[in-house]
Structure formats: C-alpha cells, structure tokens
Amino acid sequence: MTIPFRQRSGEPEEPVPGEAGRLLPRPADPDPRAERRHRPGGDPARAAPPSPGRSGRRRRPALLAAAAAAVAAGALAVTVGVGGLPTGTAPAGSPGTRERGHARHAASPGAVRLLERAALAAAEGPGSPVPGDRYGYVRVTGWTTSLDGDTGRTGRVAADREEWTSVDGSGRTLQRDGGGTRWLDAPGDGTLSSPTYRLLERLPADPGALLRRIYAETVPGHGPGTGSTTGPDQEAFTTIGDLLRGTAVPPGTGAALYRAAARIPGVAVVPDAVDAAGRHGTAVVRDHGGERTEWIFDRGSLRLLGEREVLLRDGPWGSAGTAVTSTAVLGQGIADRPGELPRRDG
C-alpha cells in the first residue's frame, strides 16, 4: 500500500497513534498551493506522488489514519513530498510569535544580501503589459522519494510537469505530466494557493505589506494553538517559494517576494546546492523539523534554478545530507496560447 506522505496540508497536525507514529517521521511544511492541483477529473497526481513543482496538499488526519491502518496490516509504503544563524529579533512583517519549539532568529546578513540581488535581477524582467488572453507557462523536472515500510528501502519517483495558466483566469488550465495531458477548470480570479498572473500583479509591491498578506493566510492554520508542527514562518517561506516557481511571475512581484522572504526569521545561505537538472548554485535556505528547504540560484544571473529538501539528521528516509525531493525550473514565461512555448522576448 502506498501512502502519500509529507504532502503539504492546510490542516492542523494530529498525533499518529501506535506503531504508525513511531514509523513516520514528523510532518513537514504544508504546501499552500492546493486547490487546483488535485481536483476531480482524472488527475493521476491524486493517486501518485506529487510533482516537485507542485506538491499536492491533502488533509493530514485522513492520511495518518490510512498510515495507521497500513501499519496494522503489516505493510507500509510511503511517498515523501517534503519541506549558522545569527541571533536577532524577528523583522517587521513577521508575526510576533515563536515557531513551535524554536527560537526565532532574523535572516542572516548573507541571505538578505543574496535575496536583494535576486530581487534586483527579477525586477529587470520584461515589464510590458501582458494581455489577459495570454497564458503563464512553467516547465519543471524533478523527483520525490518513496519509502517502503516493510523493507526500509527508498527510491526516487520521477515527476515532470508543464502547465499553462490563463493570465486573467478566464481560460482553462492545460497540464502535461507523466500521466498525460489534461485540461483543468479555469482558475478565475485566483488565490495565493492557486494564483493567476493578474493576481500576482495585484499583490502589494511593498515587501512588508506583502509578507503581512502572506502571514494573514499562514498564521490561522499554523500559528499558536493550531497544533501545526510547521509554524507560520516555514509556511510563509514555502508559500513564497511556490509562488516564485509555480507560474510566470511579474517582475515587480518577483522582486517584492524575494524582499519579503528576507524578512522571514531563520533564513540563511549555503554556498553550494544542486537542482534536479544537475545545475549548481548558491542557495537561500531555511531549516525546520530536521530538514532544510533550499532555493537554488544561478551564481551569475541570480535566476531561481530550483528547490530541494535535504535531511539534516539520519532517519528512515536516509542519512543526513540526503536530498529527498528536488525540482528544477526549466522554463517560465508568457505564451500566446496553451500548448505553445513562450516567445524568447518574454
């Protein structure tokens, strides 16, 4: 039996009873991009590991009940879709609460500098108005990790995806992945969980105001008293990462998102990381729950190459230093029509 594990959830975490609680590592960060990924209509991702570019969000209590039942039956196979800092005070824009079990340290100076450089690079993108009948395009490649609870063996599950999303939300979304080609419902106005280009354009340009907007959605589900093991800071970091690599992003919004990320406590830098396409770069990272989320940037252009999750301690999923998910963004831009590639001029 395959149990999707660590697929992000907006639900509060609940304890896992008995043997299942001992077998399953602690839950990782939820993924805020839920609504359009696993809707009815034959999307094979509902029964398969999620694309690294868009981890599927599922209701955690139901997952854990299924996991407990599988352990009781003696066969558990799960799929992972996971998620030196100077001390200081949390920056403006972040909530004034501590993450569960963690002191909140300001982002490191190196992270702030790198994110500002990434913001300046993003702001130089094409700034001409985008007609509403165009489509935001993204192509990602990557993999997740599966764990067989009987044998303890892990393996990689490939996941590639192309997606065309209507700029103004009026057209249907075209998706291509290992399961084939499918049309999804039109996204409408969009939300932070399922954004359109127009919604991204309307987000606050001020990074403090933008981060407050993001925390307004993460704190209710992951703040004090919710039972979440994620916490609003990690959820905010995850949300921004998903927005940056989930579809085409307006240049000004991309710059604001990088500057907002620089205000999240606990953000740091590692000098070298590699994405799912084998490209090396410098990474902005955040540690949480024994794992490290890494945003990997090209050292020259400061373009976002991809993202990965790396274990910080030994466990069932592998030894410390093992990457358990990895994504590479291979294409991003504005296309004239679904199924077509963006023009080279943006």
Side-chain angles (χ1 to χ4, degrees), residues 7-11 30-46 50-51 53-59 125-126 128-140 161-177 179-205 209-222 235-236 238-254 256-257 260 329 331-342 346:
Q7 295 186 12
R8 274 56 167 189
S9 167
E11 301 295 319
D31 183 352
R33 307 177 62 87
E35 285 79 3
R36 76 178 176 193
R37 276 176 233 167
H38 295 289
R39 56 180 59 171
D43 186 346
R46 289 188 297 147
S51 160
R54 290 190 173 201
S55 304
R57 174 166 62 183
R58 299 184 187 270
R59 294 185 178 273
S128 56
V130 177
D133 62 354
R134 303 290 174 82
Y135 282 75
Y137 170 81
V138 65
R139 178 188 171 203
V140 298
R161 178 179 59 86
E162 279 186 292
E163 188 164 298
W164 290 261
T165 304
S166 171
V167 162
D168 64 7
S170 63
R172 298 178 69 189
T173 297
L174 175 62
Q175 228 179 48
R176 290 175 179 165
D177 57 27
T181 299
R182 70 193 62 82
W183 289 91
L184 306 180
D185 293 342
D189 292 337
T191 66
L192 285 185
S193 299
S194 182
T196 63
Y197 193 88
R198 283 288 181 265
L199 180 132
L200 294 173
E201 284 182 323
R202 295 194 297 267
L203 290 177
L210 177 56
L211 192 58
R212 286 191 293 273
R213 165 75 183 274
I214 291 170
Y215 274 119
E217 296 203 10
T218 66
V219 170
H222 302 277
E235 181 70 2
T238 298
T239 297
I240 292 175
D242 286 341
L243 290 171
L244 287 166
R245 59 185 169 77
T247 187
V249 181
T253 304
L257 286 167
V329 180
Q332 221 170 1
I334 300 296
D336 288 340
R337 286 174 288 275
E340 296 184 359
L341 296 180

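Looking only at side-chain heavy atoms (C-beta outward), R176 and W164 come within less than 4.5 Å of each other. Side chains of E163 and V140 form no contact here, defined as non-hydrogen atoms less than 4.5 Å apart. With contacts defined as side-chain heavy-atom distances shorter than 4.5 Å, the pair Y137/L341 qualifies.
Under a 3.5 Å cut-off, the side chain of Q332 and the backbone N or O of T247 do form a donor-acceptor pair. With hydrogens and angles ignored, the 3.5 Å screen pairs no side-chain donor or acceptor of E162 with any backbone N or O of G331. For the pair R134 (side chain) and I334 (backbone), a donor-acceptor distance under 3.5 Å is absent. Side chain of T196 to main chain of G169: no donor-acceptor pair is present (N/O by atom type, distance under 3.5 Å, no hydrogens or angles).
Taking both residues in full, the closest heavy atoms of V167 and Y135 are given as CG2-N, 3.8 Å, listed atom of the first, atom of the second, then distance. Taking both residues in full, the closest heavy atoms of G171 and P187 are given as O-CD, 3.4 Å, listed atom of the first, atom of the second, then distance. Nearest heavy-atom pair, G136 versus A248, reported as atom, atom and distance to 0.1 Å: CA-CB, 4.0 Å. Among all heavy-atom pairs drawn from T165 and P195, the shortest one is CG2-O, 4.2 Å. When every heavy atom of E201 is checked against every heavy atom of P250, the shortest pair comes out as CG-CG, 3.5 Å.
Rounding to the nearest 0.5 angstrom, the gap separating the CG atom in L192 from the CG atom in D242 is 11.0 Å. Between atom OG1 of residue T218 and atom CD1 of residue I240 there is a gap of 9.5 Å, rounded to the nearest 0.5 Å. The OG atom of S166 lies 12.5 Å from the CG atom of L184; values are rounded to the nearest 0.5 Å. Here the straight-line distance linking atom CD1 of I214 with atom CG of L210 works out to 4.5 Å at 0.5 Å rounding. For the atom pair H222 NE2 and T239 OG1, the distance stands at 8.0 Å (nearest 0.5 Å).
We find that D177 and R182 are joined by a salt bridge, their nearest charged nitrogen and carboxylate oxygen being less than 4.0 Å apart.
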Q: Give the intermediate values and the outcome of side chain to side chain contact (heavy atoms under 4.5 Å, CB included) for residues V138 and R161.
A: CA-CA 8 Å; V138 65; R161 178 179 59 86; 3.6 Å; yes
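Shown here is D189, whose CG atom has no more than 12 heavy atoms of other residues, nucleotides or ligands within 6.0 Å.
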